Amino acid sequence: MNFKNVFRWHYPVLLLLALISLRAAAADTLLVLGDSLSAGYRMSASAAWPAQLNDKWHSSPAIVNGSISGDTVAQGLARLPALLKQHQPRWVLIELGGNDGLRGFPPQAIEKDLSAIISQVKAANAQPLLMQIRLPANYGRRYTESFGAIYPRLAKANAIPLVPFFMEQVYLKPEWMQQDGIHPNPDAQPFITGLMASELAPLIKQ
């Protein structure tokens, strides 16, 4: 057998397979589907924690910030198909529900829309990562508890990770909050970046 000829014929095939593997690895993307807490409300997009985490991880995986300030769960659901088609993410971090809760939307409706988001992400062969969202205590114990229970229930029902809510620690630092008392300021972003790196790395860096 002429091994030189075998190598010459198989080399292009091996090279193509290697390039396909490299493209697949490079295409690993984490899509952040969120609201103002991840969009970088009243700050540049590059200052928001998703952009900082993308820099920290050197785009491996690449982080696409699909968050829009003011978005409800229903609005995120409406935008999701286009985002999935455009970015074809491997993971989708769902950080939605805060605006629904602040407006007093029925928990059943919030849960229904979140469940639809999870189903769409799975149908796109991506891994959903659901962030726990909590409301300030002044919204009433009954409503806040009913709202907060949505997330662990969905995570358990869909067998997906439940990511801790980063704002629970940010709220404790007044110097990290904007004047509205709701949104984190630029000074809080490095802390959020580090926290999210530690929470997300075990889930996606395998």
Side-chain angles (χ1 to χ4, degrees), residues 20 22-103 105-133 147 150-151 154-155 157-163 165-167 182-184 189 192-193 196-197 199-200 203-205:
I20 291 173
L22 286 173
R23 279 190 70 184
D28 279 352
T29 300
L30 167 65
L31 171 66
V32 180
L33 182 69
D35 51 33
S36 55
L37 298 180
S38 296
Y41 181 70
R42 290 187 174 177
M43 67 184 77
S44 66
S46 60
W49 74 262
Q52 291 193 18
L53 184 56
N54 193 53
D55 292 340
K56 182 182 181 72
W57 281 351
H58 304 289
S59 300
S60 181
I63 299 176
V64 174
N65 193 359
S67 306
I68 293 182
S69 295
D71 255 14
T72 62
V73 179
Q75 289 171 322
L77 175 60
R79 295 192 297 111
L80 181 59
L83 290 169
L84 291 174
K85 182 178 180 180
Q86 178 182 357
H87 301 290
Q88 300 183 2
R90 184 172 175 185
W91 307 272
V92 178
L93 175 63
I94 306 163
E95 180 272 294
L96 286 169
N99 289 311
D100 303 68
L102 293 176
R103 298 173 191 177
F105 289 0
Q108 298 87 346
I110 300 171
E111 185 166 358
K112 180 181 178 181
D113 287 339
L114 282 171
S115 180
I117 287 177
I118 293 169
S119 296
Q120 282 197 23
V121 171
K122 285 186 172 183
N125 295 317
Q127 169 66 53
L129 310 171
L130 181 63
M131 180 177 288
Q132 172 75 60
I133 306 295
F147 175 88
I150 293 171
Y151 296 85
L154 282 175
N158 291 279
I160 62 175
L162 184 63
V163 180
F165 188 34
F166 56 76
M167 287 301 296
I182 296 174
H183 297 95
Q189 302 306 307
I192 298 173
T193 300
M196 294 307 296
E199 293 292 345
L200 294 175
L203 302 176
I204 65 178
K205 284 185 170 286

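Reckoned from all heavy atoms, side chains included, excluding hydrogens, waters and symmetry mates. Treat the numbers as computed from the prediction; the structure is a model and nothing was measured.
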A.B. asks: Provide the closest heavy-atom pair for Leu84 versus Ala124 in the form atom of the first, atom of the second, distance.
C.D. replies: CD1-CB, 3.9 Å

A.B. asks: By side chain to side chain contact (heavy atoms under 4.5 Å, CB included), which residues pair with Asp55, not counting sequence neighbours?
C.D. replies: none

A.B. asks: Can you confirm whether more than 12 heavy atoms, excluding those of Arg79, are under 6.0 Å from its CZ atom?
C.D. replies: yes

A.B. asks: Measure the shortest side-chain to side-chain distance between Gln88 and Thr29 over non-hydrogen atoms and say whether it is less than 4.5 angstrom.
C.D. replies: no

A.B. asks: Determine the minimum heavy-atom distance between Glu95 and Ser38, stating which atoms define it.
C.D. replies: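 Scanning both residues, the minimum pair turns out to be OE1-OG, 2.7 Å.
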
A.B. asks: Less than 4.5 Å apart, side chain to side chain, heavy atoms only: is that true for Met196 and Leu93?
C.D. replies: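 Yes, at least one pair of side-chain atoms sits under 4.5 Å.
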
A.B. asks: Apply side-chain contact (heavy atoms from CB on, under 4.5 Å) to residues Val163 and Leu203 and explain how you reach the verdict.
C.D. replies: CA-CA 10 Å; Val163 180; Leu203 302 176; 4.1 Å; yes

A.B. asks: Of all heavy-atom pairs between Arg103 and Gly70, which one has the smallest distance, and what is that distance?
C.D. replies: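 Nearest heavy atoms, Arg103 then Gly70: NH2-O, 3.5 Å.
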
A.B. asks: Starting at CD1 of Ile118, measure out to CG of Leu154 and round the result to the nearest 0.5 Å.
C.D. replies: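 So the gap between those two atoms works out to 4.5 Å.
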
A.B. asks: Kindly compute the distance separating CD1 (Ile133) from CD1 (Ile110), expressed to the nearest 0.5 Å.
C.D. replies: 11.0 Å

A.B. asks: Taking C-beta and beyond as the side chain, do Tyr151 and Phe165 meet within less than 4.5 Å on heavy atoms?
C.D. replies: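 No; the side chains remain at least 4.5 Å from each other.
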
A.B. asks: Output the distance between atom CD1 (Ile117) and atom CG (Asn158), rounded to the nearest 0.5 Å.
C.D. replies: 12.0 Å

A.B. asks: Considering all heavy atoms of both residues, which atom of Pro89 and which atom of Leu31 are nearest to each other, and what is their separation?
C.D. replies: CB-CB, 3.9 Å

A.B. asks: Quick one: pull up CD1 in Ile192 and CG in Leu37 and give me the separation to the nearest 0.5 Å.
C.D. replies: 8.0 Å

A.B. asks: In sequence, state the C-alpha distance, the side-chain angles, and the governing distance for Leu80 and Val121, and then conclude on side-chain contact (heavy atoms from CB on, under 4.5 Å).
C.D. replies: CA-CA 8 Å; Leu80 181 59; Val121 171; 4.0 Å; yes

A.B. asks: Would Val32 and Trp49 satisfy side-chain contact (heavy atoms from CB on, under 4.5 Å), going step by step from the backbone distance to the final call?
C.D. replies: CA-CA 11 Å; Val32 180; Trp49 74 262; 4.2 Å; yes

A.B. asks: Under the criterion side chain to side chain contact (heavy atoms under 4.5 Å, CB included), which of Ile160, Leu200, Val92 is the partner of Leu129?
C.D. replies: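 Output: one option passes, namely Leu200.
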
A.B. asks: Which atoms form the tightest heavy-atom contact between Leu96 and Thr72, and what is the distance?
C.D. replies: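 That closest heavy-atom pairing would be CD2-O, 4.1 Å.
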
A.B. asks: In Å and rounded to the nearest 0.5 Å, what is the CD to CG distance from Gln75 to Leu33?
C.D. replies: 11.0 Å

A.B. asks: If every non-hydrogen atom of Ile94 is compared with every non-hydrogen atom of Pro128, which pair is closest and at what distance?
C.D. replies: CD1-CB, 4.2 Å

